Each structure stands twice: as C-alpha cells, then as structure tokens.
K.L.:
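This structure is in structure tokens; I'll ask about it shortly.
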Amino acid sequence: MNIVKMKIRFSDRRIHPKEISAIMNKHNVLKSALSGLLLAAVAGCYDYPRPPAATLGDTYSMRERDKAEDLFKGMKSLTLADAQRIAILNNPTYIAAYHAVNAARMRYYQAWGAYSPTLSAGFSLQNGDSWVRSNAVNGTRDGHQLRTGTFATSTTVTANLLVFDGLARTFKMLAAKHNWNYQKRMEEDACRTMMYSVAYAYNTVLLAIENRRIAEEDRKFQLSSLKDTQYKFQAGAVPLSDVLNFQIQMNNADVNMISADYQYETAIYALAVLMGYPDGTLPADLDFPSDFKTNFGDLPSVEIYLDTALANRPDLKAYREQLEVARYQMYQTYSAYSPTVNAFAEFSYGTSARNFAGYGYNYSNAYSETPSFTYGAYADWTIFNGLIRYNQMREYQASLAVADYNVADSWFTVVGEVRTAYANYIQSVRKTKLYEKTRDLSAQQRDLVDDEYRAGNTELTRLNEAQRDLVDAETSLAASYINIQNAKAQLDSAVGVNGAEYYLNRGNDDSTSIPGLGSLPPTLEAVSSRQTNPVSAPDSAEIPGTPADPGVNAPVSTTQSVVPVQVQEAQPLPDAPAAEPAVKKPVTVSVPAAETAVPAAEPKAEKSAAPAIPATPTAPPQSATLTVQAK
C-alpha cells in the first residue's frame, strides 16, 4: 500500500509546535480574564447588617451576645419618643420591609435589561488521537500503523437584540416600577402600624404604673383603718367583723397590686419585643416619664383629617400601586397578539492542528484557522394557540377589577378609621373632664364618710362603698388619661402622615403639635377650623313591646352636643371636726340636683355612743391622679 506524504500549509507557512503553544496561552489569558470578571461580580453582592446573634441560635440562656444586648446601656429613663426611635432602628419586621423595597428595586432594574442586547461568548477545545492500521501485502512486508493527533479550538461571540415584541417589555418594566413603589408604601405602612403598637404598649406600661399606685393608696387607707378599728375593738367599741372587713379589703388591694404588676410585666415584654431587644424584657431600673395628664385639647375639623389621610395613608397608596401593576400586567397580555422581531450577529474563530506519525513515515504537522461572521434577523408570530392568549387576557382583566375594588375598599377603610379615631379622641377628652370631677367628689365624699365612721355616726358598709367609689373613680380617670394617649396614637395611625423621619428626629415634647398632624406645619385652615360635633344617639327609640314612658323618652337638648355634658357641681361641704359627739338622728348632706332621687332610709334605733377616738387623716395625697367610674 502506497502512502503519500502530505504537508498542509496555511498562508504558505509551516506551523511550528511552539506556535500552537502560544495560541493556547492566549486562550488561557482569556479564561483568566473571565474568571476575574466573575469574582468582581461576586464581590458586589448584596450586603446588610445581620440580625442579633441571639436570634440565630436555638437557646436563650446560652445565646450568643452582641451589641444588641447593650441597647439600654446607660439609659435611666425611656420616653415614648425614645421607644419609637429604637423600634425604627431595631424592629425586625420593619427592617425586613426595608429589604423588600431593595428586592423590588432590583426587579425594576432587571426589567430595564430587556432593552439591552444580549452578548454571549463561548469557547471550546478538543484533543484527540486516531490510528490507521495496515496489514502486510502479499506476505512480503510486515503490517504498520499511522497515528493522527488532532487539537482544535473554537471561540464564538454572539449578539442578539429584541427589536420589537408588541411593547411587552415596556409594560413589564412599568409594572415592576409600580411594584417597587408598592413596596415603598408597604415599608411606610409597616412603620405606621409599628408606631401605633409601640405607643399602645408604652401607654399600657404607664397605666399599669398608675393602677399599682392606686392599689397602694387603697392598701394604705385600709391598713390605717384596720389599725384604728383594732384599737376600737380592743376597747369594745366595734365588733370583730369590722376588723375582719378591713383585713379583707387589704387583701383585695394586694390582689389589685398583683394584677397591676402582671399588667406592667406583660406590657414591658411587648415593648421590648417591638424594640428588638433580645433580652425580651426591659431593665428593672428604667423609668417611664410622661406628662400624659395635661396634654389634650380640641381638634381641627374632621374634614381636614379625612383629606390628609386620603392623600397620605401609605396602605391606600400601596393599593393604588397594585392597581397600576395589574393594569400593566393586563397590557402585557395584549402584546401576545403581536409578532416579535429579533436581530442577531455572530463571530466565530476556530483553529485546528494535526500531526501525523507512523512506521516508515516522517513526522509532520498541519495547522488551519477558520474565522467566520454572520448576521441577520428573524421574526416570530403566533397565529393561533387554542385561545390561550384570549383567556389569559380575560384573566388579567378580572384581576384588574379585583385591584380596582381593593382600592375602593381601602378608601372606605381609611375613612372609617379616621372618623373612629377622631370620635374616640373627642369622647375620651370629654369623659376625662367628667372623671376628674367625679374623682374630686369621690375623694371628698370618702373623707367625710371616713370621719363619720370614726365618730360612730355611719355604717361600715357606707365607708366601704365610699372607698370603693374613690378607687373606681381613680381607676377610671387613669384609664381615661391613657385612652386619650391611645386615641392620639390611633389618630396618628389613621391619618398616616407621620413617617419614619418624623419619629427619628422629633423631640420628647410634642405638646405643640396637632394630634394626628404632627409632621405637618400648622396651617391657617387647621388652626382656625372648629372641632366637628360628635354624633349623638337617638333619644326617641323605644324597646318593641314596651309602652312609651314620657320620663324616659322625653326630648333632650342636643344643640351643643360637642360641649361636654353640664354637671351641677356640689357645693363644698364644711370640714368635719376631728371627733364628733354621737348624734341621735341622721346627718343631712347636700346632694347635686342631677343625682337620681332615692327614697330616704328609715331612722334606726338609737345606739349608745362609742367612746370618741381621735381621727387619723387617711385621705390620699392631693397630687394623686387616677380615674374611676362614677357610681
């Protein structure tokens, strides 16, 4: 078999093996450059402060501690403004909402990428050997074999550009933009609801402190009365049941103190969690200063609050952004009826090197290069696909209707919440003014009845009632003060005009700001407008089946319904002497005309006068401020 020796040439030049090695080095440089770009992309990954280290473990007592544990280091007091600032900086729910905004922003940037051409590069290499074995011819010569070694590379760069797609990418980009805005509004709404929760928890702490103070004052009174009654019992002036009565009342006061402690404990737990404090509770030596008993007054008209809320509530804005997202998603379905047009270009460069060796043949090399460049355009148009496009369009049209009605529902919700918060604030202020008067009257009544009991001129049950009325009045007044603060927080939340920047930068004194409009400068309209009169319940309703009672259904004047109900004040009563002699007939006390008439009790049989014992002052401090429901 005759074998013809061939030498393949390229550009009339024989390729040396060292040249093949140089080509491979160039490809290695390209690979290194691509690896460097990949590392640069990884170095620009999303970075963020990690949550507290304690939250990453599965134990509390052995949790890892970091700087989050020093949140209250050096703090002696905690105001509501401090608590809200700390919550904005540390609450995990709010921080997660912030990162959700960043994720939506990245999706928006991705949508812009659809307008850019797509560039891609590829590289491949191949090395192989093949053999051709030849047998002896006519038995005159031994067989031999020919080996062929091949090494080939291919480099490709491709560019593709979407020229037209029926505006689908435009609608997708606009939908992503409104989705980004939606996440922004949801972040603001997370701040709004969180600030209300922090204020409510903080005010619950203040209420618990007041309730404990009331219980302590009640216990002091019961203890003082118990000591005096024990002296009387030892002198034979009162029965043992009176002593037992005050012991029981002391126990009830202790129970109220325990309840107040539990209320305080749960409130600080809730506050600590909202502020993102890993310990789950607040330091025991932390004070809670607040002047919550004086900071309240009239409001501007409710229309100002409604207009402000409808223009600023972040959740309503979020629903409106969702409506726009649904609209552009529906427009995307229209693009499915349009053809798509793409343009492309491709450059490729290939190399091939071969070497031949075998018995009786010289070693030889061959090298070749194959560059190429192509470009063009192609179009694609779906004519029919079983009404998939049509039904998808109808689906998104229905989704748009859902989003439209969600906006309407949110609008009604905002209006209802604003009106409810507005009415809550007004009625809380009106009730507080009445509770203040009731508290003062109850304190005066309790002191008089106490003096009468010590002088032996009234029953023990009457003293119990008077003290219970005072405790109820103090408790109701404290709750009413706190209700005003909660109503202010509710109004702030309902209007939604105060953002995170307001809570981060405001001071501890917000007495000059209008409730619900704190971040807005006072306008002439807001300052000059009058408070809207609350709605009064009908006074002519009758229970079905019950005959009309003129005394019950008599018309009541509601002309000045916004003004607090006028209550006739009782004339101040003269101070009782330290010890009164026993009397033989009931003591007459002036009662306000507004009180319901009660049949006078029949005079009881005369009793022997008890020995006069000097009275002990037991009235609570005049600075005590609490609320109680009037009996």
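Below, all heavy atoms of this structure are taken into account, side chains as well, without hydrogens, waters or symmetry copies. What you see is a predicted model; the values in this text were computed from it and never measured.
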K.L.:
Would Asn90 and Tyr277 count as a side-chain contact (heavy atoms from CB on, under 4.5 Å) here? Give the steps.
P.N.:
CA-CA 8 Å; Asn90 296 277; Tyr277 186 44; over 6 Å; no
K.L.:
How close do Ala201 and Ala270 get, counting heavy atoms only, and between which atoms?
P.N.:
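Shortest heavy-atom separation between Ala201 and Ala270 comes out as CB-CB, 4.4 Å.
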K.L.:
Enter the distance from Trp411:CH2 to Leu316:CG here, rounded to the nearest 0.5 Å.
P.N.:
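Taking CH2 in Trp411 and CG in Leu316, the distance rounds to 9.5 Å.
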K.L.:
How about OH on Tyr109, more than 12 heavy atoms from neighbouring residues, nucleotides or ligands closer than 6.0 Å, or not?
P.N.:
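Yes, enclosed.
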K.L.:
Report yes or no: does Arg192 contribute a side-chain atom to a donor-acceptor pair with the main-chain N or O of Ser493 at less than 3.5 Å?
P.N.:
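Pair found, side chain donor or acceptor close to backbone of Ser493.
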K.L.:
For atom OH of Tyr337, is the number of surrounding heavy atoms from other residues, nucleotides or ligands below 6.0 Å larger than 12?
P.N.:
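Counting other residues, nucleotides and ligands, OH of Tyr337 exceeds 12 neighbours.
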K.L.:
Judged by atom type as modelled, is there a donor-acceptor pair below 3.5 Å linking the side chain of Ser338 to the main-chain atoms of Tyr334?
P.N.:
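Side chain of Ser338 to backbone of Tyr334, a donor-acceptor pair under 3.5 Å: no, none is there.
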K.L.:
Do Ser410 side-chain atoms and Asn406 backbone N/O form a donor-acceptor pair below 3.5 Å?
P.N.:
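Checking the backbone N and O of Asn406 against the side chain of Ser410, no donor-acceptor pair under 3.5 Å is found.
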K.L.:
Looking only at non-hydrogen atoms, find the nearest pair between Val325 and Asn179 and report the distance.
P.N.:
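Distance-wise, the nearest heavy atoms are CG2-N, 3.5 Å.
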K.L.:
More than 12 non-hydrogen atoms from neighbouring residues, nucleotides or ligands closer than 6.0 Å to OH on Tyr115, yes or no?
P.N.:
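Buried by this count: over 12 neighbours within 6.0 Å.
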K.L.:
So for atom CZ, which belongs to Phe72, do other residues, nucleotides or ligands contribute more than 12 heavy atoms lying within a distance under 6.0 Å?
P.N.:
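Atom CZ in Phe72 is crowded, with more than 12 foreign heavy atoms closer than 6.0 Å.
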K.L.:
State, with a plain yes or no, whether a side-chain heavy atom of Asn312 is found less than 4.5 Å away from one of Val495.
P.N.:
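Of all side-chain heavy-atom pairs linking Val495 with Asn312, none is under 4.5 Å.
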K.L.:
Examine distances only and state if a side-chain atom of Tyr60 and a backbone atom of Asp279 form a donor-acceptor pair shorter than 3.5 Å.
P.N.:
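At least one qualifying donor-acceptor pair exists.
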K.L.:
Return yes if some donor-acceptor pair links the side-chain N/O of Ser399 with the main-chain N/O of Glu395 below 3.5 Å, else return no.
P.N.:
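Flag set: sc Ser399 to bb Glu395 pair under 3.5 Å.
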K.L.:
Taking all heavy atoms of Phe164 and all of Pro339, pick out the closest pair and write down the distance.
P.N.:
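Looking at all heavy atoms of both residues, the closest pair is CD2-O, 3.6 Å.
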K.L.:
Would you say that more than 12 heavy atoms from the other residues, nucleotides or ligands in this model lie under 6.0 Å from the NZ of Lys172, or not?
P.N.:
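Not buried by this count: 12 neighbours or fewer within 6.0 Å.
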K.L.:
With a 4.5 Å cut-off on side-chain heavy atoms, are Met194 and Thr93 touching?
P.N.:
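No - every pair of side-chain heavy atoms lies 4.5 Å or more apart.
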K.L.:
Testing the basics here: between Tyr422 and Pro300, what is the closest heavy-atom pair and its distance to 0.1 Å?
P.N.:
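Shortest heavy-atom contact: OH-O, 2.6 Å.
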K.L.:
What is the distance from atom CE of Met173 to atom NZ of Lys177, rounded to the nearest 0.5 Å?
P.N.:
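Separation between the atoms: 7.5 Å.
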K.L.:
Strictly distance-based, threshold 3.5 Å: is any side-chain N or O of Asp70 a donor or acceptor partner for the main-chain N or O of Lys73?
P.N.:
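Such a contact is absent between Asp70 side chain and Lys73 backbone.
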K.L.:
Roughly how far apart are Asp492 CG and Asn498 CG, rounded to 0.5 Å?
P.N.:
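Rounded to the nearest 0.5 Å, the CG-CG separation comes to 5.0 Å.
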K.L.:
Are any of the side-chain heavy atoms of Leu310 and Val415 separated by less than 4.5 Å?
P.N.:
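Answer yes - side chains close enough.
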K.L.:
Could you walk me through whether Glu417 and Arg313 satisfy the salt bridge (Lys or Arg N to Asp or Glu O under 4.0 Å) test, starting with their C-alpha distance in whole Å, then the side-chain angles of each, then the deciding distance to 0.1 Å, before giving a yes or no?
P.N.:
CA-CA 11 Å; Glu417 289 182 356; Arg313 270 285 287 264; 2.9 Å; yes
K.L.:
In a check of side chain to side chain contact (heavy atoms under 4.5 Å, CB included) between Glu324 and each of Arg327, Arg320, Gln322, which one passes?
P.N.:
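By the side chain to side chain contact (heavy atoms under 4.5 Å, CB included) criterion, Glu324 pairs with just one of Arg327, Arg320, Gln322: Arg327.
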K.L.:
What heavy-atom pair brings Arg85 and Tyr503 nearest, and what distance separates the two atoms?
P.N.:
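Closest heavy-atom pair between Arg85 and Tyr503: CG-O, 3.0 Å.
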K.L.:
Could you tell me whether the side chain of Asp82 and the main chain of Leu78 form a donor-acceptor pair under 3.5 Å?
P.N.:
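Side chain of Asp82 to backbone of Leu78: no pair is present.
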K.L.:
Is a side-chain donor or acceptor of Arg389 paired with a backbone partner of Thr333 at a separation under 3.5 angstrom?
P.N.:
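Answer holds: no.
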K.L.:
Would you indicate whether the side-chain heavy atoms of Glu265 and Thr281 approach each other to under 4.5 Å?
P.N.:
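The answer is no, as the side chains (C-beta and beyond) never meet within the 4.5 Å cut-off.
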K.L.:
Distance from Met186 atom CE to Asp315 atom CG, nearest 0.5 Å?
P.N.:
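The CE atom of Met186 sits 7.5 Å away from the CG atom of Asp315.
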K.L.:
After noting the C-alpha distance and the side-chain angles of Gln126 and Thr150, does the key distance pass the side-chain contact (heavy atoms from CB on, under 4.5 Å) rule?
P.N.:
CA-CA 8 Å; Gln126 181 179 359; Thr150 305; over 6 Å; no
K.L.:
Would you sort out whether Arg394 and Asn391 count as a side-chain hydrogen bond (donor to acceptor under 3.5 Å, both in side chains), showing the intermediate values?
P.N.:
CA-CA 5 Å; Arg394 295 286 298 273; Asn391 291 321; over 6 Å; no
K.L.:
Are Asn211 and Leu207 side-chain neighbours, meaning at least one heavy-atom pair lies under 4.5 Å?
P.N.:
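Counting from C-beta outward, Asn211 and Leu207 do come under 4.5 Å.
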K.L.:
Quick one: does Asp409's side chain have a donor or acceptor within less than 3.5 Å of a partner on Tyr405's backbone?
P.N.:
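Flag not set: sc Asp409 to bb Tyr405 has no pair under 3.5 Å.
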K.L.:
Kindly indicate, with the supporting measurements, whether the criterion side-chain contact (heavy atoms from CB on, under 4.5 Å) is fulfilled by Trp381 and Thr340.
P.N.:
CA-CA 6 Å; Trp381 192 4; Thr340 59; over 6 Å; no
K.L.:
With rounding to the nearest 0.5 Å, note down the distance linking CD in Glu187 to NE2 in His99.
P.N.:
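One gets 10.0 Å once the value is rounded to the nearest 0.5 Å.
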K.L.:
Taking the side chain as C-beta and beyond, is there a heavy-atom pair between Phe171 and Gln329 under 4.5 Å?
P.N.:
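No. Closest side-chain heavy atoms not under 4.5 Å.
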K.L.:
Before you tell me yes or no, could you show the steps for Trp180 and Arg107 under side-chain contact (heavy atoms from CB on, under 4.5 Å), namely the whole-Å CA-CA distance, both residues' side-chain angles and the distance that decides it to 0.1 Å?
P.N.:
CA-CA 8 Å; Trp180 180 19; Arg107 289 192 293 270; over 6 Å; no
K.L.:
Keeping to residues at least two apart or across chains, list the ring-ring contact (aromatic ring centres under 6.0 Å, His included) pairs with something in residues 185-205.
P.N.:
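For residues 185-205, and leaving out neighbouring residues, the ring-ring contact (aromatic ring centres under 6.0 Å, His included) pairs sorted by first residue read Tyr202-Phe288.
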K.L.:
Which residues satisfy the side-chain hydrogen bond (donor to acceptor under 3.5 Å, both in side chains) test with Thr158, sequence neighbours excluded?
P.N.:
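Residues passing side-chain hydrogen bond (donor to acceptor under 3.5 Å, both in side chains) with Thr158: Glu346.
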K.L.:
Nearest 0.5 angstrom please: Leu491 CG to Asn424 CG, how far?
P.N.:
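Spacing of CG (Leu491) from CG (Asn424) equals 9.0 Å.
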K.L.:
Look at the side chain of Asn91 and the backbone N and O of Leu274, then say whether any donor-acceptor pair between them is shorter than 3.5 Å.
P.N.:
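Answer holds: yes.
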K.L.:
Return yes when atom OH of Tyr305 has more than 12 non-hydrogen atoms of other residues, nucleotides or ligands closer than 6.0 Å, and no otherwise.
P.N.:
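Enclosed: over 12 neighbouring heavy atoms sit under 6.0 Å from OH of Tyr305.
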K.L.:
Between Gln392 and Tyr396, does any side-chain donor sit less than 3.5 Å from a side-chain acceptor?
P.N.:
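Side chains of Gln392 and Tyr396: no pair found under 3.5 Å.
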K.L.:
Would a 4.5 Å heavy-atom cut-off, applied to side chains only, mark Leu282 and Met275 as touching?
P.N.:
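Touching, per the 4.5 Å side-chain cut-off.
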K.L.:
Looking only at heavy atoms, which two atoms of Lys431 and Ser480 are closest? And how far apart?
P.N.:
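Lys431 and Ser480 have their closest heavy atoms at C-OG, 4.0 Å.
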K.L.:
State whether the number of non-hydrogen atoms from other residues, nucleotides or ligands found under 6.0 Å of Tyr375 atom OH is greater than 12.
P.N.:
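Counting neighbours around OH of Tyr375, 12 or fewer heavy atoms of other residues, nucleotides or ligands fall under 6.0 Å, so no.
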K.L.:
Are more than 12 heavy atoms from other residues, nucleotides or ligands located less than 6.0 Å from atom NZ of Lys184?
P.N.:
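Yes - once you tally the heavy atoms of other residues, nucleotides and ligands closer than 6.0 Å, there are more than 12.
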K.L.:
Do Leu517 and Ile304 come close enough that some side-chain heavy atom pair is under 4.5 Å?
P.N.:
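Heavy-atom side-chain distance check passes, below 4.5 Å.
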